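So that the names make sense, note that chain A is the first sequence line, chain B the second, and so on, each numbered from 1. A quick note: this is a predicted structure, and the numbers were derived from the prediction, not measured.
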Amino acid sequence: MQYHKPQTFDEAVQIAAAASGVTRFLAGGTDVLVQLRAGIVTPDHLIDLKLIPGVRDITRTEDGGWRIGIAVCGIELGRHAALVADWPGVVEGMQLVGSTQVQGRATLTGNLCNSSPAADSVPGLIAAGARVTVIGPTGSREIAVEDIPASPGRNTLKPGEIIAAILLPPRGARGGDAYLRFIPRTEMDIAVVGCAVSLTLDGDRISAARVALGAVAPKVLLVAEAAAAIVGTALDDKALAALQAAATAASQPITDRRGTIEFRKDVVAVLAARAARIAYDRAKGASK
Amino acid sequence: MSKIHVSAVVNGDPVDFLADPRESLLDCLRDQLGLTGSKEGCGTGDCGACSVVMDGVLVCSCLVLGVEAEGKKVETVEGLADVGALHPLQRKFIEHAALQCGFCTPGILVASKALLDQNPDPTETEVRYWLAGNLCRCTGYDKIVRAVMDAAQEMREAV
Amino acid sequence: MLKVHLWSGLRRFTDGVEVVPVEAATVGQMLDGLVAAHPGLEPVIAAGVSVAIDGVLTASRFTPVTPQNEIYLIQRVKGG
Amino acid sequence: MPKDELKSEFRLIGTRPDRPDGLDKVTGRARYGADMALPGMLFAAVVRSPHAHARILKIDASAALALDGVKAVVTRADFPTGLTGEDWNLQENSMAGDVALYDGHAVAAIAATSRLLAEDAAKLIKVDYEVLPHVIDVDDALRMDAPVIRAGAGDHTVPEGSPPNVSKYIEFGHGDLEAGFAAADLVREQTYKTEATHQGYIEPHACVAQLGADGKGEMWVCTQGQWYIRRMCSAVLGLEASQLRVTPSEIGGGFGGKTIIFMEPLALALSRKAGGRPVKLVMSRSDVLRATGPTASASMDVKLGMTKDGKLTAAHVNFRMQGGAFTGASPVGEALSCALACYDIPAVMHNGVEVLANRPKAAAYRAPGSPMAAFAVECLLDEMCHELGLDPLDVRLKNAVHEGVKASYGPTYAKIGLVEVLQAVKAHPNLLAKLGPNQGRGIASGFWFNHGGETSVSLAIGEDGTVTVSVGTPDVGGGRASIALMTAETLGIAYEAVRVNVVETGALGVNEPSHGSRATFASGKAAVEAARSAIREMCRRAAKEWGIDEEAVEWKDGAAMPAGPNAGKFPPMSIAEIAAKMGGTGGPISGHHETNADGVGASFGAHVVDVEVDPETGRTTILRYLVVQDAGRAIHPAYVEGQYQGGAVQGIGWALNEEYVYGANGRLQNAVFLDYRIPVASDLPMIDTVIVEVPNPGHPYGVRGVGETGITPPLPAVANAVAMATGVRLRSLPLSPPKVLAAIKAKGRA
């Protein structure tokens with residue numbers, strides 16, 4: 001295995017293009033190292049992106065959104081008060097990944113590229129409408145986060161393409177988001193079910209919403225029907241019931257060592273309602 | 001598969017070692033530098049026995065490559081005590097019988113110090129959640145949590 | 001004569017007898033006497049049994065026993 | 001007995017000094033299994049079967065051996081043949097023969113000049129398998145048409161006509177069962193199941209082994225018992241026991257799982273084949289979960305008879321357990337013996353079978369068998385209390401065993417403390433806490449025999465009057481502190497003046513491992529006897545010095561002194577004074593004691609837990625937890641509490657989330673700590689403890705042994721609390737959220 005330390009994204013792309021065999025990128029490393037140790041994937045080339053200038057920065061974009069560097073770890077995300085104020089659901093999703101120790105390494109980008117359907121940080125990004133900039137051999141492009149995961153462990157990035165930053169839209173006034181996941185313990189588990197809700201209010205009514213579900217399909221789902229169930233409502237019981245029904249209906253989970261089909265379909269409804277309430281309260285200005 | 005030369009500062013001392021790119025920082029600390037205080041309980045970041053602080057951030061050294069330590073400052077359990085004086089956490093762990101087999105203890109001490117460095121007055125719940133990535137199978141955590149809280153109090157009073 | 005209480009599963013090795021009379025002064029003699037009287041018990045005793053004298057387990061073949069003692073063979077117990 | 005009164009009798013016992021190994025353990029200096037390195041050391045890797053059951057057709061290691069730096073490959077062909085009984089079991093489990101018997105079964109091992117090279121080379125060893133049908137579940141394994149794991153595996157206890165995988169049959173009981181059930185107002189019968197769990201010690205097995213062509217070997221290893229390692233490795237490899245010197249490292253937890261061998265013979269065999277170079281073998285966490293010794297899974301029928309005022313009249317238990325693919329590995333006998341041990345029941349019957357399955361060879365796990373048995377019996381007892389409207393604590397008190405009662409397993413109880421334990425539970429403030437919606441309280445009792453065992457201890461007086469004690473029981477939870485306390489108490493010297501060392505196999509007679517809650521009991525008892533023997537010698541030397549009779553000298557406060565006014569008038573001669581002169585008074589002074597320790601006292605406990613269950617997700621939160629247990633006497637109370645708390649939390653894990661999950665292919669699905677879910681700090685409240693002290697007359701200081709009983713009550717206590725919180729009764733563990741939620745929903749539909 002060769003270890004590379006590019007100083008720019010262009011250099012990283014060149015290294016990747018010239019490399020033969022299996023190539024992996026290191027943003028945080030929490031997945032790559034586990035796979036390496038278990039002998040699941042032993043890359044021929046490991047390209048460490050953490051030394052590229054700016055990859056640990058969180059900056060406000062011109063439109064009032066956020067640009068998050070690819071090597072920003074969970075702890076750094078959580079310490080950024082202004083970002084937390086805007087997108088608490090995105091941050092809490094990231095902060096649920098692993099332990100305190102893992103938070104010192106794991107990144108949004110790594111969690112996204114690993115493309116686990118149970119990735120805790122991805123539903124929040126999708127609900128927020130986040131996009132990523134991608135740099136590759138043929139130039140750069142922007143992609144919506146929901147278009148990155150393809151299936152468990154596989155993403156849609158083309159060979160040699162690298163995510164260069166994560167872009168969050170402006171939160172705007174009267175918006176709120178939340179992410180909840182179900183695990184059997186209080187910490188350290190992979191999500192059995194996850195649900196993120198982001199919404200905007202007009203008065204008491206929800207004017208726009210996005211609902212994303214984790215661990216109930218081969219990839220994290222953006223469920224338009226679930227969002228539609230609450231848009232135009234003040235999140236009354238009827239709306240919540242419709243949201244729950246839509247979330248369950250959209251889920252196509254499997255039974256595995258972490259949960260059953262029936263359990264996941266039940267709990268996705270529970271979490272959808274709970275997350276929606278939190279997002280709604282946050283939008284109304286409740287403490288984040 | 002050639003090895004890479006790494007220079008770092010471990011517990012305040014400059015060190016040099018040769019790392020295979022596949023070796024974790026934990027492997028390098030234990031096998032190259034003889035610092036066997038950090039333990040491997042899982043190799044997957046799930047048990048925390050290998051906890052170290054790298055450039056001020058608490059990490060599992062099994063989830064860091066040795067080659068990534070280039071130019072970094074690493075603190076391990078071996079660096080916790082001053083010459084002749086234990087860290088209050090170390091004293092309180094002995095006093096409260098917060099260890100039985102002691103295998104998880106180095107990681108828990110390093111993690112607890114990282115907590116108290118940023119939060120000198122944690123609640124019981126904060127201690128428990130901060131240490132959720134440090135598995136202990138002997139104690140049921142009760143005496144560990146008490147020792148951390150007591151050390152925190154003593155350190156606050158000493159300021 | 002000692003009265004040695006066997007567990008009931010051993011009855012098929014002792015023609016249905018659950019309390020076996022044995023002439024012995026020590027635990028070792030008692031175990032040997034059991035096998036002499038009921039050879040079917042040999043593999044059981046060879047595999048290891050625990051002996052309780054008046055409710056307390058004893059490990060020594062030399063522990064003295066008298067007809068006044070309550071004597072039980074019980075399943076060998078290991079520990080964690 | 002009030003504790004203060006007990007404490008006042010002693011100078012040191014019952015105090016809480018710093019443990020002697022504390023400094024090494026908080027500074028990272030303590031050396032565990034993987035912390036050893038030797039000059040010229042090689043590193044080993046193991047090739048393991050990916051199949052639950054497969055015939056090994058061919059092993060081709062030529063590509064691996066062709067790599068520079070690869071020094072040896074061993075397979076079963078490198079081991080002696082003709083072993084029988086448990087020796088064969090151990091050999092077969094260490095390295096598969098013709099057939100791999102479980103996912104993770106070792107098939108070959110390799111030694112090379114670096115760990116990475118060994119792992120790379122291991123991937124080049126090609127093994128051809130013929131996959132065979134497998135069976136995992138205990139009840140499936142009992143079917144007449146189940147895949148046969150080993151024809152003729154049953155021992156002498158198995159009745160003819162039993163299903164082919166039955167390897168053991170047990171039956172015992174007393175009293176008139178029919179009359180007992182006839183006298184009951186309520187008779188209930190239920191079936192309960194528990195899944196296999198792992199001890200989950202945080203330190204993976206590790207050793208450094210060296211074995212020469214001359215048959216002389218050395219091993220550094222994390223183990224609960226260095227002599228067991230020596231005996232088992234010698235048997236498996238055909239060595240002479242005394243030529244193998246085994247040194248125990250500090251041990252990072254064992255809980256029974258480090259009482260037998262797994263990969264240790266492979267390291268020795270590799271070393272022998274590599275010309276005697278030392279070989280280091282460290283298991284990964286996955287190896288530990290797949291290929292060491294978890295506990296059994298169980299399927300259990302219980303039938304109880306009870307009068308309407310709560311008196312038990314009869315009990316019948318019928319247990320089925322699988323302990324892997326090896327005869328005698330399950331704790332079914334222990335489970336049966338513990339099942340009804342807490343209660344005075346006129347008629348009891350126990351039946352049990354062990355059955356083989358394609359799983360790793362079960363090892364002991366803290367009170368082996370007792371937690372499963374308690375789950376079955378204590379849950380049914382609780383169900384019947386609720387049906388009859390009786391208080392579950394009062395019913396337990398009403399039926400509790402005490403001195404003079406005939407035990408369910410046969411003999412009559414000597415002095416025991418269950419009644420005192422239950423009374424202490426009744427007096428505890430946790431029982432007054434108000435429960436909210438979706439909350440429930442569960443109570444359960446538990447029992448473990450405790451164990452004496454083969455024990456050898458030496459004690460040596462140093463030149464300055466300080467004392468070294470050599471024990472053979474590795475320190476798993478503060479044993480050195482408690483043995484130092486008892487030794488210092490006996491000698492009348494300072495705790496700090498005693499150093500207790502855990503020594504290698506060459507230094508003492510054969511010791512059993514630190515198992516069966518025996519280290520403080522048995523090594524402590526032997527240390528006290530060794531100290532007394534040294535005291536006798538010191539009194540003799542003082543008597544000679546003074547020119548008086550030996551009998552006229554007594555030992556008090558760390559010094560020899562005339563026994564009375566008639567003995568003569570001499571100032572006390574301290575241990576330091578006697579030691580300073582010992583070269584001229586007859587040479588070194590030591591004490592020694594060897595025994596197969598009798599006088600074991602059983603330990604009873606009772607736990608009370610409050611839980612809250614989320615009715616929408618089925619997730620259980622532990623709100624409050626109380627452990628009450630009879631210690632006999634707490635030598636170092638902090639480490640007694642530690643045993644109580646640790647046992648309780650392991651039991652909570654077993655009750656709620658821990659289980660071996662197998663896929664349809666027979667492979668273990670959760671061989672990492674991410675998915676083998678042991679409790680983490682944030683899952684738990686503080687664990688309240690009460691130490692009851694009903695001294696054991698069989699120990700000089702009243703010790704019973706406290707390590708194991710604590711894991712017994714949590715399984716039923718948590719299940720009983722969840723039943724109260726949800727209104728639904730689950731009879732299979734773990735009480736994982738999907739299971740609990742499904743039960744809650746089924747009740748809602750009913």
Please state whether the side chain, the backbone, both or neither of C/R76 comes within less than 4.5 Å of a heavy atom of chain D. backbone
Got a second to check how far C/E70's CD is from D/T412's OG1, nearest 0.5 Å? 3.0 Å
Does any N or O in the side chain of D/H350 come within less than 3.5 Å of the main-chain N or O of D/V317, such that one atom is a donor and the other an acceptor? no
Is it true that a side-chain atom of D/S337 and a backbone atom of D/G333 form a donor plus acceptor pair closer than 3.5 Å? yes
Ignoring hydrogens and angles, tell me if any N or O in the side chain of D/S514 forms a donor-acceptor pair with the backbone of D/P474 under 3.5 Å. yes
Test your reading of the model: is there a side-chain donor-acceptor pair from D/T157 to the backbone of D/Y169, 3.5 Å cut-off? yes
Nearest atoms (heavy-atom pairs only) where C/M30 meets C/A24: N-CB, 3.4 Å
I'd like to know if the side chain of D/S370 and the backbone of D/A367 have a donor-acceptor N/O pair within less than 3.5 Å. no
Judged by atom type as modelled, is there a donor-acceptor pair below 3.5 Å linking the side chain of D/R518 to the main-chain atoms of D/H451? no
Please round to the nearest 0.5 Å and tell me the distance separating atom CG of D/N351 and atom CG of D/N318. 5.0 Å
Please classify the contact of D/E86 with chain C as side chain, backbone, both or neither, using a heavy-atom distance under 4.5 Å. neither
Which of D/E403, D/E512, D/K406 touches chain C most, by non-hydrogen pairs under 4.5 Å: D/K406
Which atoms of D/F449 are under 4.5 Å from chain C, going by heavy atoms: the side chain, the backbone, both sets, or neither? side chain
Suppose a student defines contact as a heavy atom less than 4.5 Å from any heavy atom of chain D. Which residues in residues 33-51 of chain C would they list? C/P43, C/V44, C/A47
Counting heavy-atom pairs under 4.5 angstrom with chain C, the leader among D/I170, D/T259, D/V600 is D/I170
Chain C contact via D/K258 - side chain, backbone, both or neither, heavy atoms under 4.5 Å: neither
Backbone N or O of D/G707 within a donor-acceptor pair of the D/S517 side chain at under 3.5 Å? yes
What residue in D/G698, D/C338, D/G516, D/A597 has the most heavy-atom pairs under 4.5 Å with chain C? D/G516
Pick one of side chain, backbone, both or neither for D/T295, based on which atoms fall under 4.5 Å of a heavy atom in chain C. neither
Who wins among D/G410, D/A414, D/G256 for the most heavy-atom pairs under 4.5 Å with chain C? D/G410
With distance as the sole test, does D/E454 use its side chain to make a donor-acceptor pair with the main-chain N or O of D/N511 at under 3.5 Å? no
Pick from C/A59, C/G55, C/S8, C/S60: which one has the most heavy-atom pairs with chain D under 4.5 Å? C/S8
